[in-house]
Amino acid sequence: MVFKCQEDSFLRKFTSKVVSCEKVDSGFNVIFEDTVLFPEGGGQPADSGWLNGREVRNVVRKGPTAVHFLEGEEVPFQIGEEVEQRVDWKRRFDHMQQHSGQHLITAIFDREFGFGTKSWWLGTDDSYVDLDTKDVTKEQLEKVEKICNQLIVDCTAVDVTVYQPGDPVLQSDGTRTRGLPEDVSGPIRVITIDGVESNMCCGTHVKNLAQLQAIQFLNVEKSKSKCLVHFLVGNRVLKKLDECYKREVKLNNLLNGGPASHIDLIMKLQTTVKNSQKVCKKFTTELAALEAEKVNSLVPKPLYYFVHRLDGMDSDFIFTFLRSVNLPECFFFLTNGDETRKGQMVLQGQAKDIAKIGDAICKALDGKGNGKGTRYNAKVNNLKAIAECERIVKEHFEVNNGFQTE
């Protein structure tokens, strides 16, 4: 059957009688004589909405019927009861814009370049068409976008016609289909964009391309088997523009300059950061070498040594320090980061000591890593346990025979 939502995509409320109301695991499946709530199909997600004020969690089509799912334990409706169906119009109109926009985009890519559409996806943020081509150039995108937006400016009509199965019109060259679901029966809807295309479809659509407002391509995502063209239609274009403008205002304040200078200012910042990183790396390695020199000069030689840097000791410090120390008998326990974030742990010592206490230390720090031979590396999540780990080390070496340095 053709549902009420397909007869009039702009209808927001409708009253219909309950045909069945069946209990399922966590709620009830309700079927009506007709429905204004669109069930998922044709690449378009199901509508959201309400039945006598109760939120509908999902709507699916099973053959000629639409099944509405409501959560709850109590029977929501009686058979024969009249129920007001109300559509989440913001969501519905967004889906209408994206779906009609997809029909237009598909038709123009096919007409201009012979690129067929294998499938499409209506996402929550953007949508895409999967074109039957290995690549789409920037020039091709710009041409299709320009043609689509001109057809929107021209207020091109969109018509929905219902045909009976077997109607010769459905076999004409002007009516295309990318395949209807196998369980579709009864009347067939054909969506016609005046002068552009006619296509079988079960989804909801606008009446005029002017209602699409605008189409904007975002990017082309390529792989061996796919070429996805991501796009926005209508209110999503305005939403993206608003997001970009707000981001631009923040950048104006952060960079202390207008949009025209953003790229130059960021490039200068990148250069400054790179130079600062070089200087920081030099100081870090020098500090690590000094720390190692201090350890090497200790008398008597320690059995273990702790280095815990709360200021974010990086890998350069750790491995410069470990390369520079000359105490093969000493057990080193190094960590970086403070207690509020994740950090790094490195153990170095004799293989027998690493094997004995490495896993226990890693576990106490809620870490993930492994040890092999004289080294144990791990990413850790619980730096609050450093004191507990020091206790493990001290007990292992018998604290009276060694000493620690912070």
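FYI, side chains are in, hydrogens and waters are out, and symmetry mates aren't considered; it's all heavy atoms of this structure.
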Margin query: Is it the case that the side chains of Gln97 and Gln213 hold a donor-acceptor pair, with the cut-off being a distance below 3.5 Å and no angle test?
Written below: yes

Notebook entry, point to check: Would the Phe217 and His230 ring centres measure less than 6.0 Å apart?
Noted result: no

Check: Just by distance, with hydrogens left out, do Thr106 and Gln102 show a side-chain donor and acceptor under 3.5 Å apart?
Finding: yes

Note to self: Under the side chain to side chain contact (heavy atoms under 4.5 Å, CB included) test against Ser20, which residue among Val67, Thr65, Ile31 passes?
What the structure shows: Ile31

Margin query: I'd like to check the salt bridge (Lys or Arg N to Asp or Glu O under 4.0 Å) partners of Lys239; sequence neighbours left out, ordered by chain and number.
Written below: none

Check: Are His308 and Glu390 linked by a side-chain donor-acceptor pair shorter than 3.5 Å?
Finding: yes

Next item on the list: Could you list the residues that satisfy salt bridge (Lys or Arg N to Asp or Glu O under 4.0 Å) with Lys23, not counting sequence neighbours?
Entry: Glu73

Check: Applying side-chain hydrogen bond (donor to acceptor under 3.5 Å, both in side chains), which residue pairs with at least one partner in residues 352-369 are found, sequence neighbours left out?
Finding: Asp353-His396, Asp359-Tyr376

Margin query: Centre-to-centre under 6.0 Å for Tyr304 and Phe306, is that the case here?
Written below: yes

Check: Can we say Lys268 and Asp264 salt-bridge, meaning some charged N sits less than 4.0 Å from an Asp/Glu carboxylate O?
Finding: no

Next item on the list: Could you tell me if the ring centre of Tyr128 sits under 6.0 Å from that of Phe231?
Entry: no

Note to self: Over 60° means perpendicular and under 30° means parallel, so tell me whether Phe397 and Phe331 are parallel, tilted or perpendicular.
What the structure shows: tilted

Next item on the list: Compute the ring centroids of His95 and Phe38, then answer whether they are less than 6.0 Å apart.
Entry: no

Notebook entry, point to check: Among pairs that include at least one residue of residues 85-94, which meet side-chain hydrogen bond (donor to acceptor under 3.5 Å, both in side chains), considering only residues two or more places apart or in two chains?
Noted result: Asp47-Arg92, Ser48-Arg91, Asp94-Gln98, Asp94-Arg236

Checklist line | Selection residues 134-163 - residue pairs positive for side-chain hydrogen bond (donor to acceptor under 3.5 Å, both in side chains), sequence neighbours left out | finding: Glu112-Lys143, Asp135-Lys222, Thr137-Gln140, Glu145-Gln216, Gln150-Asp154, Asp159-Thr161

Notebook entry, point to check: salt bridge (Lys or Arg N to Asp or Glu O under 4.0 Å) with Arg57: which residues, sequence neighbours excluded?
Noted result: Glu55, Glu71

Item checked: Distance flag, aromatic centroids of Phe321 and Phe332, threshold under 6.0 Å -> yes

